[in-house]
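Proteins get letters first, then strands, A, B, ... in listed order; numbering begins at 1 in each.
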Number of protein chains: 2
Amino acid sequence: MGATKTEHFTDRQNQLATLAKALGHPARVAILDYLLKVDVCICSDIVNELPLAQPTISQHLKELKNADLIKGNIEGNSICYCINEKELEVFQTYFTNITDKMKIKKSTCC
Amino acid sequence: MGATKTEHFTDRQNQLATLAKALGHPARVAILDYLLKVDVCICSDIVNELPLAQPTISQHLKELKNADLIKGNIEGNSICYCINEKELEVFQTYFTNITDKMKIKKSTCC
DNA sequence: AAAGTATATTGTAATATTGCAATATTAAAA
DNA sequence: TTTTAATATTGCAATATTACAATATACTTT
């Protein structure tokens with residue numbers, strides 16, 4: 001078969017996996033890094049910055065947008081992409097919960 | 001044409017992407033959830049807990065192990081899997097850096 | 001040693017992702 | 001209105017992932 005069996009997992013597990021998956025490519029990490037580094041964030045800048053062709057970057061931006069990790073505003077001719085703080089917080093919360101539990105839990109084995 | 005161009009990105013970007021990718025499947029999130037919930041962590045328990053066949057789970061465990069997010073100790077007949085706190089901290093650190101920068105950075109656009 | 005139990009590996013089909021050339025769309029500038 | 005610039009979409013080839021049946025391995029118990 002080959003397709004992920006999302007229906008068998010909880011909404012939280014699926015959402016966390018979706019967010020992680022969106023971060024799961026170095027180009028998309030690099031895009032987030034770049035959006036954090038610069039003040040102005042136009043797509044063509046990203047194309048110049050990264051070693052990938054324009055359609056490929058457009059695709060990665062689309063995936064980050066689908067995961068709601070970034071938002072894009074049309075600015076005349078070009079598009080201003082920004083990080084979506086809220087969704088990053090959702091991810092952060094999930095993730096912090098896991099690491100907090102980890103700290104509480106005494107390593108009883110391994 | 002089809003393979004990720006890892007060589008063009010920084011080690012940090014690649015490592016962060018690798019860790020995120022390992023978390024990027026609901027079954028693997030569920031495995032981590034389970035390892036956090038229970039005290040004893042035997043592979044067969046995971047097989048009973050999740051709605052996937054044994055070889056599929058074995059494969060997911062392998063991926064988590066490759067990403068160094070879990071470790072496995074042989075316990076006689078079975079294997080005791082545990083979360084690797086250290087690697088999770090690496091991920092946490094990367095991720096916290098991003099969200100911290102986010103908080104500092106004033107939203108100048110979007 | 002033979003049978004049973006737990007986990008891993010192999011092989012394979014279905015599906016998804018990655019990357020890009022070619023092309024389309026949209027808005028600004030000339 | 002033609003041209004230019006910025007971004008998106010389409011189509012396709014290469015590769016990767018997901019899932020599992022069948023089988024292999026390794027340890028335990030009988």
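Using a 4.5 Å heavy-atom cutoff, the side chains of B/Ile31 and B/Tyr81 are not in contact. At a threshold of 4.5 Å between non-hydrogen side-chain atoms, the residues A/Tyr34 and A/Asp45 count as touching. The shortest distance between side-chain heavy atoms of A/Leu36 and A/Ile83 falls below 4.5 Å. With a 4.5 Å cut-off on side-chain heavy atoms, A/Tyr94 and A/Gln15 count as touching. In this structure, B/Cys82 and B/Ile70 have side chains that are not in contact, with every pair of non-hydrogen atoms separated by 4.5 Å or more.
Each end of the helix from C/dA1-D/dT30 to C/dA30-D/dT1 gets its own axis from five base pairs, and the two axes differ in direction by 10°, given to 10 degrees.
Nearest approach of B/Pro26 to A/Ala17, heavy atoms of both residues: N-CB, 3.4 Å. Here the shortest heavy-atom pairing between B/Ala67 and B/Leu19 reads O-CD2, 3.6 Å.
OP1 or OP2 of C/dA6 has not a single side-chain nitrogen or oxygen of B/Ser78 nearer than 4.0 Å. OP1 and OP2 of C/dT17 both lie 4.0 Å or more from every side-chain N or O belonging to A/His60. At the phosphate of D/dA6, neither OP1 nor OP2 sits under 4.0 Å from any side-chain N or O atom of A/Tyr81. Within the structure, a side-chain polar atom (N or O) of B/His25 is placed less than 4.0 Å from OP1 or OP2 of D/dA19. Using a 4.0 Å cut-off, some side-chain N or O of A/Lys21 falls inside it from OP1 or OP2 of C/dT17.
As rounded to whole Å, 12 Å separates atom P of C/dT17 from atom NZ of A/Lys62. Put simply, CG on B/Leu61 is 16 Å from C1' on D/dT17, counting in whole angstrom units. A/Leu23 has its CG atom 16 Å from the C1' atom of C/dT17, to the nearest Å. Straight-line distance from the CG atom of A/Asp45 to the C1' atom of D/dA6: 11 Å, rounded to whole Å. Atom pair B/Asn73:CG and C/dA6:P shows a separation of 18 Å (rounding to whole Å applied). Rounded to whole angstrom, the span from the CD atom of B/Gln59 across to the C1' atom of D/dC20 amounts to 9 Å.
At most 12 heavy atoms of other shown residues, nucleotides or ligands fall within 6.0 angstrom of atom CG in A/Asp11.
Judged by closest nucleotide on DNA chain C, B/Ser44 is the one of A/Pro51 and B/Ser44 placed further toward the 5' end.
Residues meeting the side-chain contact (heavy atoms from CB on, under 4.5 Å) test with A/Thr10, sequence neighbours left out: A/Arg12, A/Gln13. When the side-chain contact (heavy atoms from CB on, under 4.5 Å) test is applied to A/Ala27, the partners found at least two apart in sequence or on another chain are A/His25, A/Leu52, A/His60, B/Phe9. By the side-chain contact (heavy atoms from CB on, under 4.5 Å) test, A/Asn84 is found to be paired with A/Asp68, A/Lys71, A/Lys86, A/Glu87, residues two or more places apart in sequence or in another chain being considered.
Comparing D/dC20, C/dG19, C/dA6 by their closest approach to the side chain of B/Thr56 singles out D/dC20. Each of C/dC20, C/dT7, D/dT7 was ranked by its minimum atom distance to the side chain of B/Ile42; first place goes to C/dT7. Looking at the side chain of B/Glu63, the nearest of the listed nucleotides C/dT9, D/dA19, D/dT18 is D/dT18. Taking only side-chain atoms of A/Leu52, from C-beta outward, the nucleotide of D/dT9, C/dG19, D/dC20 with the closest atom is C/dG19. Here D/dT7 is the nucleotide among D/dT18, C/dC20, D/dT7 with the atom lying nearest to any side-chain atom of A/Ile79.
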Run the side chain to side chain contact (heavy atoms under 4.5 Å, CB included) test on B/Leu32 and B/Leu23 for me, step by step, so that the C-alpha distance in whole Å, both residues' side-chain angles and the decisive distance to 0.1 Å come before the verdict. CA-CA 9 Å; B/Leu32 287 191; B/Leu23 257 183; 3.7 Å; yes
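Within the 4.0 angstrom heavy-atom criterion, no nucleotide atom of any strand lies near A/Ile57. B/Ser58 comes within 4.0 angstrom of a base, heavy atoms only.
If you check residues 7-16 of chain B against DNA chain D, you find no residue with a heavy atom closer than 4.0 Å.
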Per-nucleotide protein contact string for nucleotides 22-30 of chain D, where B marks a base within reach and S marks sugar-phosphate only (heavy atoms under 4.0 Å, - for neither): B----BS--
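Looking at B/Arg28, its side chain does come within 3.5 Å of a backbone N or O of B/Ala22 through a donor-acceptor pair.
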